[in-house]
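Shown next, in structure tokens, is the structure this report addresses.
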Amino acid sequence: MPAPPCASCHASRAALRRPRSGQALCGACFCAAFEAEVLHTVLAGRLLPPGAVVAVGASGGKDSTVLAHVLRALTPRLGISLQLVAVDEGIGGYRDAALAAVRRQAARWELPLTVVAYEDLFGGWTMDAVARSTAGSGRSRSCCTFCGVLRRRALEEGARRVGATHIVTGHNADDMAETVLMNFLRGDAGRLARGGGLGSPGEGGALPRCRPLQFASQKEVVLYAHFRRLDYFSEECVYAPEAFRGHARDLLKRLEAARPSAVLDLVHSAERLALAPAARTPRPGACSRCGALASRALCQACALLDGLNRGRPRLAIGKGRRGLDEEAMPGTPGDPARAPTSKAVPTF
């Protein structure tokens, strides 16, 4: 049976049905619709003002690749300039290949690229070193938690180095729905309340961040990359299989199979969530060590690095944050078998 005509141009044969609407479109019309929807998200949310210098968090994966490609196409209409900022977490056999994809993209699109490394920013720590330090501590399954906190800080530092005024990341609707589920399952009301909206305004001197793909499904991100023939890195991180997010992802897939609107329903639920005044977290202040935005004495990055440097890796997320406000006791011995030597507390 031949494919139906495209519902938009009526000239070409449809190449796909949009996963949520069922609309039959040819590849060109689908890509144009996808770009128009991202443009609407940016303009309606007033995410990127004209003249903004935008740091795109470039990982080499499908989401950041699609985001950079779409924003590059929309640059004349938005009046912004783009800078690619990639983070080298120090994951042997994985990150080198992903960074190679980012460098190909930067060269092909003629966009400036800056790479910042955990090892340089965090006193010699790489994710491979963190994984070795957490092995046997009960935290080895939480590498993604460590990495998420450090990556956020590294991206902020990279954006400042290139003079960016805004940061954008490639989080799509599925990513955001997974995060909402994770926070529900953790009972982390504070993060649920902060998870709504399209980003953060840049409190406490931090750069404003936004997620232009927040309403785009993962399936459509993949379809856009296919029809635009984008070159991206698609292997999963070696530490991802142990992450808690994987359980939320599996649950979300089952929910979506039963109710196709489940992904966007979860995203919108986070936008509308409001906490009672007594349950709200206090206004953030400044980290006593590095000066970054923090809800406690130490920001998450410094708290995590403090534990790693002392040979006592601990989490600083949600309920696992208890006790991390305490400064390291002078003279606390480290365990050289579990923590790399000569690790210094980073300065930013």
Side-chain angles (χ1 to χ4, degrees), residues 1-45 56-78 82 84 97-98 100-102 104-111 168-178 198 211-236 249-250 252-268:
M1 182 176 178
C6 173
S8 180
C9 69
H10 307 289
S12 302
R13 290 290 180 183
L16 76 152
R17 288 190 179 275
R18 300 196 70 172
R20 292 192 182 124
S21 67
Q23 186 182 33
L25 295 176
C26 66
C29 288
F30 164 72
C31 290
F34 186 93
E35 292 168 2
E37 289 164 6
V38 174
L39 177 64
H40 174 76
T41 298
V42 173
L43 294 178
V56 181
S59 68
K62 64 182 185 312
D63 298 311
S64 65
T65 300
V66 166
L67 175 62
H69 186 275
V70 171
L71 288 182
R72 180 173 175 270
L74 297 177
T75 291
R77 300 181 66 177
L78 294 173
L82 301 181
L84 298 183
V102 175
R104 291 195 299 270
Q105 294 161 8
R108 184 176 300 113
W109 299 334
E110 298 182 337
L111 290 176
V168 296
T169 59
H171 295 88
N172 60 45
D174 296 63
D175 296 328
M176 300 311 300
E178 289 166 12
L198 288 163
R211 301 178 289 265
L213 301 184
Q214 182 163 311
F215 301 127
S217 72
Q218 180 171 268
K219 292 175 182 176
E220 294 206 339
V221 170
V222 173
L223 286 169
Y224 182 90
H226 168 74
F227 286 112
R228 289 300 193 206
R229 299 182 179 179
L230 301 183
D231 169 26
Y232 62 89
F233 181 73
S234 58
E235 292 185 20
E236 186 178 53
R249 181 175 296 125
D250 292 341
L252 183 63
K253 288 178 180 177
R254 293 197 294 272
L255 291 172
E256 190 178 20
R259 180 184 174 88
S261 64
V263 170
L264 278 180
D265 288 345
L266 279 167
V267 173
H268 291 310

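Put simply, CG on Leu16 and NZ on Lys219 are 12.0 Å apart, with the number rounded to the nearest 0.5 Å. Residue Leu111 holds its CG atom at 10.0 Å from CG of Leu71, rounded to the nearest 0.5 Å. Residue Arg259 holds its CZ atom at 11.0 Å from CG of Leu264, rounded to the nearest 0.5 Å.
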Atom pairs and distances, donor-acceptor, side-chain atoms in residues 23-30, under 3.5 Å, two or more places apart:
none

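In this structure, the side-chain contact (heavy atoms from CB on, under 4.5 Å) partners of Ala225, at least two apart in sequence or on a different chain, are Val66, Leu230, Tyr232. Residues satisfying the side-chain contact (heavy atoms from CB on, under 4.5 Å) test with Ala98, not counting sequence neighbours, are Arg95, Phe233. Residues that satisfy the side-chain contact (heavy atoms from CB on, under 4.5 Å) test with Arg229, not counting sequence neighbours, are absent from this structure.
The shortest distance between side-chain heavy atoms of His268 and Phe215 falls below 4.5 Å. A 4.5 Å side-chain heavy-atom check between Val102 and Ser59 finds every atom pair outside the cut-off. Between Leu39 and Leu78, the closest side-chain pair of non-hydrogen atoms falls below 4.5 Å.
Salt bridge annotation for Arg211-Asp175: absent, with no cationic side-chain nitrogen under 4.0 angstrom from a carboxylate oxygen.
Listed here is the closest heavy atom pair of Val56 and Ser64: CG1-O, 4.5 Å. Closest of all the heavy-atom pairs between Thr65 and Asp231 is CG2-O, 3.9 Å.
Among pairs with a residue in residues 25-43, those fulfilling salt bridge (charged side-chain N to carboxylate O under 4.0 Å, His left out) read Arg18-Glu37, Glu35-Arg228, at least two apart in sequence or across chains. Residue pairs meeting the salt bridge (charged side-chain N to carboxylate O under 4.0 Å, His left out) criterion with at least one member in residues 62-74, sequence neighbours excluded, do not occur.
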